Protein chains: 2
Amino acid sequence: MIKPKELAAERQKSLGEYIRDRGVVRIEDLSREFDISSATVRRDLEILEEQGRIRRVHGGAMALESRLEEQMFDDKASIAFREKRRIAEKAMTMICNSETVYLDGGSTVLELARLLVNRTDITVVTNSLRAAVELSGRGPRLILVGGELRRLSQTTVGSWTRCLIEQIHVDKAFMGTMGLSFPEGTTTTDPNEAYTKELVMSRSAKTILLADSGKAGKVVFAKSGDIENIHTIITDKKFPAHLAKLFKKQGITLEQV
Amino acid sequence: MIKPKELAAERQKSLGEYIRDRGVVRIEDLSREFDISSATVRRDLEILEEQGRIRRVHGGAMALESRLEEQMFDDKASIAFREKRRIAEKAMTMICNSETVYLDGGSTVLELARLLVNRTDITVVTNSLRAAVELSGRGPRLILVGGELRRLSQTTVGSWTRCLIEQIHVDKAFMGTMGLSFPEGTTTTDPNEAYTKELVMSRSAKTILLADSGKAGKVVFAKSGDIENIHTIITDKKFPAHLAKLFKKQGITLEQV
DNA sequence: AATATTATGATTGATATTTATAATTTTTTG
DNA sequence: CAAAAAATTATAAATATCAATCATAATATT
């Protein structure tokens, strides 16, 4: 039985998938597995690298999917996905007709964005590229906040964001966070991101924090918001009681779903 | 079993379906299966590719990945793909080290974006959501222009875009267009989009227009740029000679690839 | 029926792809 | 640190595919 050689383009696709599956492969293996010369493997890898699909290393190639990004955004697989969705569902009920809302970055807020694809009555302002993509096809009127894209969070941050945010006013801002504690408030890893968050909260009538209990008590590098600026926190049942008490004492509405 | 010879158009339809079913086919197989010469197969494939129904590759043809997704945005990316990619490749050679470039919307410019995934030395400013997504993983420093998202083009437009664009200055702006004619210049369907385009061109040292020959002589609703503001036009060989002459007389560099 | 138009298939020089080999670079090992 | 091993790049030859051309067949037009 003579197996007809694969088409070059077809083979390159297969090669890419093969590499994605294994993570790393040596040229020797690819050459044997696909029954092509090492020169051809090299040329294919070169093409795949140009397309940004893989990264070539001495002796072979690596799959090029930033594990960090995957973990951060590998939607359904992430831990606490259920909690996050319930939190997002609760958040949605708080959006009234023809309101203008702000959507921050983070996986919980992204869940909220997904729930808004049929809300054509509202206006969404966001600095989250992922949220924007979710809502780009149909749904709310969508306003993107410009600025430099921060790769890790896939949000626009920095001084450019000011130009637009300073000119708007939203009814409700739905914010994510890395850490939530008392009395530090909300904290995040990147100062630019923190700055943008504070700015948004200052332009919003109400600030609603979406934070699963995993964030409770955590403090990371940069402060992104004062306790006083938060109106509502939506979290899950596992949120520590002592923290809940402290926040309530501050006049914050704390919803546990 | 001898089939009565099909009509050309009919056969092309069958060919298209055959390719969609298999995903990938080589010309040899199509020639045998449909009992036509390889020359005819090639001609048919050329037509099918022009219509954006398949993608031709060396040795055969491939079905397009996700037809549904593409059509969602009224995507013209797959028609005249070859011309568009060649134009984009030419455009890429014009981007020098550590430059800052602007990427407009449109399928040709989107092709250019795809070629920039490994250019970590440059900075890209764009109002195109799709270009942003292409470059969001890795590659150039990426700055998004904020504003209201126009669904059809997937670009941000309108007065919000001003806040950021007015504060920047780019080395080269790579612009798309719906129509290109003389003496009208570039035209597009949406006035907001036209406004944003003009603004960008005023903030760029050089404006490079990426326009396949299908745009030549077309005039649509809103004027998006004067002839005088264009420095270079990159188009394909089929660009009408009389228009080419006129543009060159205006001092515009016209590259036909 | 005569003619023009278009489609097809064969031919061929031009391109593109693959492989093998030699030269160079990088990595490993003693 | 240098020699050996391995991998990459560069080059050239062999092969396969493509695009242009032209003669012929099929179809449409007058």
Side-chain angles (χ1 to χ4, degrees), chain A residues 2-16 18-19 22-51 53-64, chain B residues 2-16 18-19 22-51 53-63 80-90 93 115 118 212-213 236-239 241 256-257:
Chain A
I2 300 161
K3 190 178 103 183
K5 279 263 179 185
E6 273 184 313
L7 238 42
E10 188 182 8
R11 186 193 58 224
Q12 283 157 20
K13 232 173 93 178
S14 315
L15 266 168
Y18 188 89
I19 295 166
R22 313 259 168 153
V24 280
V25 285
R26 1 184 75 257
I27 286 183
E28 193 192 325
D29 299 334
L30 293 172
S31 166
R32 185 163 14 79
E33 200 67 28
F34 287 80
D35 192 30
I36 48 177
S37 74
S38 59
T40 303
V41 174
R42 290 212 172 79
R43 204 161 4 73
D44 284 350
L45 293 182
E46 204 174 325
I47 290 164
L48 288 169
E49 185 173 49
E50 255 173 41
Q51 295 173 345
R53 309 171 87 84
I54 61 152
R55 175 150 170 230
R56 225 147 41 108
V57 294
H58 199 88
M62 292 176 73
L64 182 49
Chain B
I2 297 163
K3 275 191 293 190
K5 279 273 176 181
E6 288 174 303
L7 226 49
E10 193 180 349
R11 184 192 58 225
Q12 282 157 19
K13 224 177 96 182
S14 317
L15 267 169
Y18 189 88
I19 295 165
R22 312 260 170 152
V24 205
V25 285
R26 35 180 58 247
I27 287 181
E28 198 188 319
D29 299 334
L30 292 171
S31 166
R32 185 163 13 80
E33 200 67 27
F34 287 79
D35 192 30
I36 49 177
S37 74
S38 58
T40 304
V41 174
R42 288 209 176 80
R43 274 189 281 257
D44 284 349
L45 293 183
E46 199 174 338
I47 290 162
L48 287 168
E49 183 175 56
E50 198 66 25
Q51 296 171 346
R53 309 172 89 79
I54 60 153
R55 172 103 352 129
R56 217 150 41 113
V57 296
H58 197 89
M62 294 177 79
F81 168 75
R82 231 158 251 276
E83 284 80 4
K84 285 172 182 175
R85 194 171 59 182
R86 268 211 304 280
I87 291 168
E89 276 163 1
K90 176 68 186 173
T93 67
L115 296 173
N118 287 319
D212 62 88
S213 54
D236 56 73
K237 303 278 195 208
K238 283 176 263 175
F239 194 82
Q256 289 184 271
V257 293

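From a predicted model like this one, the values you see are computed outputs, not experimental measurements. In the text below, chain A, chain B and the rest are named by the order of the sequence lines, each starting its count at 1.
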(request) Scan V41(B) against the nucleic acid and name what it touches under 4.0 Å (heavy atoms): base, sugar-phosphate only, or nothing. (result) nothing
(request) Report which part of the nucleic acid A8(A) touches: base, sugar-phosphate, or nothing (heavy-atom distance under 4.0 Å, all strands). (result) sugar-phosphate
N/O (side chain, [X]) to phosphate O (OP1/OP2, [N]) under 4.0 Å:
X: T40(A); N: dT19(C); answer: yes
X: R56(B); N: dT17(D); answer: no
X: R43(A); N: dT18(C); answer: yes
X: R42(B); N: dT8(C); answer: no

Return the value, rounded to whole Å, for the distance between atom [atom1] of [X] and atom [atom2] of [N].
X: L45(B); N: dT8(C); atom1: CG; atom2: P; value: 13 Å
X: I36(A); N: dT17(C); atom1: CD1; atom2: P; value: 14 Å
X: R11(A); N: dT17(C); atom1: CZ; atom2: P; value: 10 Å
X: I27(B); N: dA10(C); atom1: CD1; atom2: P; value: 15 Å
X: E28(A); N: dT8(D); atom1: CD; atom2: P; value: 11 Å
X: E10(B); N: dA26(D); atom1: CD; atom2: P; value: 17 Å
X: L30(A); N: dT8(D); atom1: CG; atom2: P; value: 11 Å
X: E46(B); N: dT8(C); atom1: CD; atom2: P; value: 13 Å

(message) Side chain of R26(B), heavy atoms from C-beta onward: which of dA20(C), dT17(D), dA7(D) has the nearest atom to it?
(response) dT17(D)
(request) Please determine, for the side chain of H58(B), which listed nucleotide (dG9(C), dT8(D), dT17(D)) has the closest atom? (result) dT17(D)
Of the non-hydrogen atoms in [X] and [Y], which two are nearest, and what is the gap between them?
X: R55(A); Y: L64(A); value: N-CB, 4.1 Å
X: R11(B); Y: I36(B); value: CD-CD1, 3.6 Å
X: F239(B); Y: S213(B); value: N-CB, 3.5 Å

(request) Name the residue closer to the 5' end of DNA chain D, choosing between R82(B) and G60(A) according to the nucleotide with the nearest heavy atom. (result) G60(A)
(request) Identify, between S38(B) and L7(A), the residue whose nearest nucleotide on DNA chain C lies closer to the 5' end. (result) S38(B)
(request) Give a yes or no answer on whether the side chain of E83(B) reaches the backbone of D212(B) with a donor-acceptor pair at less than 3.5 Å. (result) no
(request) Assess whether atom CZ of R82(B) is packed by more than 12 heavy atoms of other residues, nucleotides or ligands within 6.0 Å. (result) yes
